[in-house]
Amino acid sequence: MKVVFMGTPDIAVPCLQKIIDEKHEVLAVVTQPDKPKGRGKKMAMPPVKELAVEHNIEVYQPLKARDKEFIKTIEKINPDIIVVVAFGQILPKELIEIPKYGCINVHVSLLPKYRGAAPINWVIINGEEKTGVTTMYMDEGLDTGDMILTKEFKLDDKITAGELHDKMMIEGAKLLKETMDLIEEGKAPRIAQNHEEFTYAPIMDKELGHIDFNKSSKDIHNLVRGVNPWPSAYAMYNEGKMKIWKTEVLDEKSDKKPGTIISTDKLGIRVSTNDGVILIKEIQMPNKKRMPVSEYIKGNSIEEGVVLS
């Protein structure tokens, strides 16, 4: 098929690579504009653009997908299908209606649950036991179109958002291949979403990672996993920010105020919560590297009785 691919971050790269590997004709790649990156603030290409340039594919970077000139450009290109993976903008009806096979999207949740920008994070933060990937026909809404295929898998209570992201990259590309094969054969299903069951996964911000020890140990553990690697979990320790990278829920009770450091040893920092005790196993203190607590306490101390806030 003749394809226009729309995507931006690294999670979209395997999908574009899969389309290339399957010998579809990629007429153009559409991605977000280059942005300054790193301490030097040098302009950097989105990961999808890097792959497109590598394969000599035409790249477009409109500020807004609703721009009339951009829509005219896609009309002239006249793709059979538009594939969208984490592009970053809602597409207008005029664009969606251009290709004869429509616009399809790879979304990293089991729709209609977790529509929106950050499904990978929120399924973990909310303690879900399963998630998956959905391909769907796009409409003008936010992840509201008819579904094509889904792939479901279980989540354990240790996986981080970063690890799930990497799994989704691979699973998304596999499901996209199956979906495109079915569309090409005229066998792709259309399954309407149950809009009454939808949940929303809003965009992340840095304050989301601020731990509230008045919550349960399990909720705190899920938050730590769900914001790893970004924006990362943290608590204030003696007016300094302690980033918290790894935790474990302990089968213990405490009568101390939530957030109180009970003890510290090579296993980690035991901290009271609303319903028990959580073990902080990996931290990053100000101007220090991320490290296990067992390494940190070799040259530094953690005060018992201090209340993390």
Side-chain angles (χ1 to χ4, degrees), residues 9-12 14-15 85-86 106-135 143 147 149-176 178 197-202 204 208-213 215-235 242-253 266-284 290-295:
D10 54 0
I11 198 168
C15 286
V85 186
V106 180
H107 185 75
V108 286
S109 80
L110 295 174
L111 290 171
K113 287 192 171 184
Y114 297 99
R115 295 173 182 169
I120 289 173
N121 305 89
W122 285 104
V123 294
I124 295 175
I125 292 169
N126 290 342
E128 297 284 0
E129 295 180 353
K130 66 179 181 179
T131 188
V133 184
T134 305
T135 52
D143 304 323
M147 299 180 293
L149 296 177
T150 58
K151 173 70 181 295
E152 180 181 305
F153 44 86
K154 291 181 179 179
L155 294 173
D156 62 41
D157 64 358
K158 293 183 176 64
I159 193 167
T160 67
E163 291 163 347
L164 182 56
H165 169 279
D166 293 348
K167 182 180 179 70
M168 291 294 202
M169 290 173 76
I170 306 306
E171 296 295 340
K174 288 179 184 175
L175 199 68
L176 174 61
E178 292 177 40
E197 293 182 354
F198 99 94
T199 59
Y200 182 54
M204 311 286 284
L208 181 64
H210 194 167
I211 295 173
D212 178 1
F213 288 94
K215 292 188 175 181
S216 71
S217 297
K218 186 175 182 181
D219 284 347
I220 293 166
H221 176 64
N222 291 341
L223 176 68
V224 171
R225 296 186 300 122
V227 296
N228 179 350
W230 193 91
S232 75
Y234 71 93
M242 174 195 284
K243 287 190 176 182
I244 297 170
W245 292 102
K246 193 172 183 181
T247 55
E248 180 184 332
V249 176
L250 300 181
D251 186 16
E252 296 180 19
K253 296 295 181 183
K266 64 181 181 180
L267 296 177
I269 306 166
R270 291 168 64 246
V271 180
S272 60
T273 67
N274 182 57
D275 68 344
V277 178
I278 194 164
L279 184 70
I280 298 172
K281 302 171 76 172
E282 191 173 322
I283 60 173
Q284 185 174 0
R290 172 179 170 176
M291 65 183 77
V293 170
S294 58
E295 289 297 311

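In this text, all values refer to a predicted model and were calculated from it rather than measured experimentally. Heavy-atom basis, side chains included; hydrogens, waters and symmetry copies ignored. Throughout, numbering of the chain's residues begins at 1 and tracks the sequence.
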*Does the Thr135 side chain pair with the main chain of Leu176, one donor and one acceptor, at a distance under 3.5 Å?*
no

*asked:* I need the Thr273 OG1 to Glu252 CD distance, nearest 0.5 Å.
replied: 10.5 Å

_Please give me the minimum heavy-atom distance between Pro119 and Ala117, naming the atom from each residue._
CD-C, 3.4 Å

*Do the non-hydrogen side-chain atoms of Met169 and Ile11 ever get within less than 4.5 Å of each other?*
yes

*Assess whether side chain to side chain donor-acceptor pair (under 3.5 Å) is satisfied between Asn222 and Arg225, documenting all intermediate values.*
CA-CA 5 Å; Asn222 291 341; Arg225 296 186 300 122; 2.8 Å; yes

_Salt-bridge criterion met for Glu178 and Lys151 (N-O under 4.0 Å)_ = no

*Could you tell me which non-hydrogen atom of Glu171 sits nearest to which non-hydrogen atom of Val133, and how far apart they are?*
CB-CG2, 4.0 Å

_Run Ser272 and Phe213 through side chain to side chain contact (heavy atoms under 4.5 Å, CB included) and show every step you take._
CA-CA 7 Å; Ser272 60; Phe213 288 94; over 6 Å; no

*asked:* Using side chain to side chain contact (heavy atoms under 4.5 Å, CB included), reason through Ile220 and Ile244 one step at a time and then give a plain yes or no.
replied: CA-CA 11 Å; Ile220 293 166; Ile244 297 170; over 6 Å; no

_If you compare all heavy atoms of Asn228 against all heavy atoms of Arg290, which two are closest, and at what distance to 0.1 Å?_
ND2-NH2, 3.9 Å

*side chain to side chain contact (heavy atoms under 4.5 Å, CB included) between Val106 and Leu175: does it pass, once the steps are laid out?*
CA-CA 8 Å; Val106 180; Leu175 199 68; 5.9 Å; no

*Are side-chain heavy atoms of Lys113 and Val123 found at a separation under 4.5 Å?*
no

*Closest approach of Tyr114 to Ala201 (non-hydrogen atoms, all atoms of both residues)*: CD2-CB, 4.1 Å

*asked:* How long is the straight-line distance from NE2 of His221 back to CG of Leu279, given to the nearest 0.5 Å?
replied: 11.0 Å

*Side-chain contact test, heavy atoms from C-beta onward, threshold under 4.5 Å: evaluate it for His210 versus Tyr234 and give yes or no.*
yes

*Under 3.5 Å, is there a donor-acceptor pair between the side chain of Glu295 and the main chain of Pro292?*
no

_Flag side-chain contact, heavy atom, 4.5 Å: Ile125 against Met204_ = yes

*What's the spacing between Thr247 OG1 and Leu223 CG if we round to 0.5 Å?*
9.0 Å

*Check whether any side-chain heavy atom of Asp275 sits under 4.5 Å from a side-chain heavy atom of Ser217, and report yes or no.*
yes

*Exercise: identify the closest heavy-atom pair between Trp230 and Asn121*: O-ND2, 3.9 Å

_Using the rule given for side chain to side chain contact (heavy atoms under 4.5 Å, CB included), can you reason through Leu164 versus Phe153, listing the C-alpha separation, both sets of side-chain angles and the distance that settles it, and then say yes or no?_
CA-CA 11 Å; Leu164 182 56; Phe153 44 86; 3.9 Å; yes

*At what distance, to the nearest 0.5 angstrom, does CD1 of Ile280 lie from CG of Leu267?*
13.5 Å

*Which atom pair, heavy atoms only, marks the closest approach of Ser216 to Asn274?*
N-CB, 4.2 Å

*Met168 and Thr131, any side-chain heavy atoms less than 4.5 Å apart*: yes

*Inter-residue atom distance Thr199.OG1 - Asn126.CG, 0.5 Å rounding*: 8.0 Å

_Glu163 side, atom CD; Ile124 side, atom CD1 - distance, nearest 0.5 Å_ = 8.0 Å

_Leu110 side chain reached by Glu128 side chain, heavy atoms, under 4.5 Å_ = no

*Kindly determine whether His107 and Thr134 satisfy side chain to side chain donor-acceptor pair (under 3.5 Å), including the steps that lead there.*
CA-CA 5 Å; His107 185 75; Thr134 305; over 6 Å; no

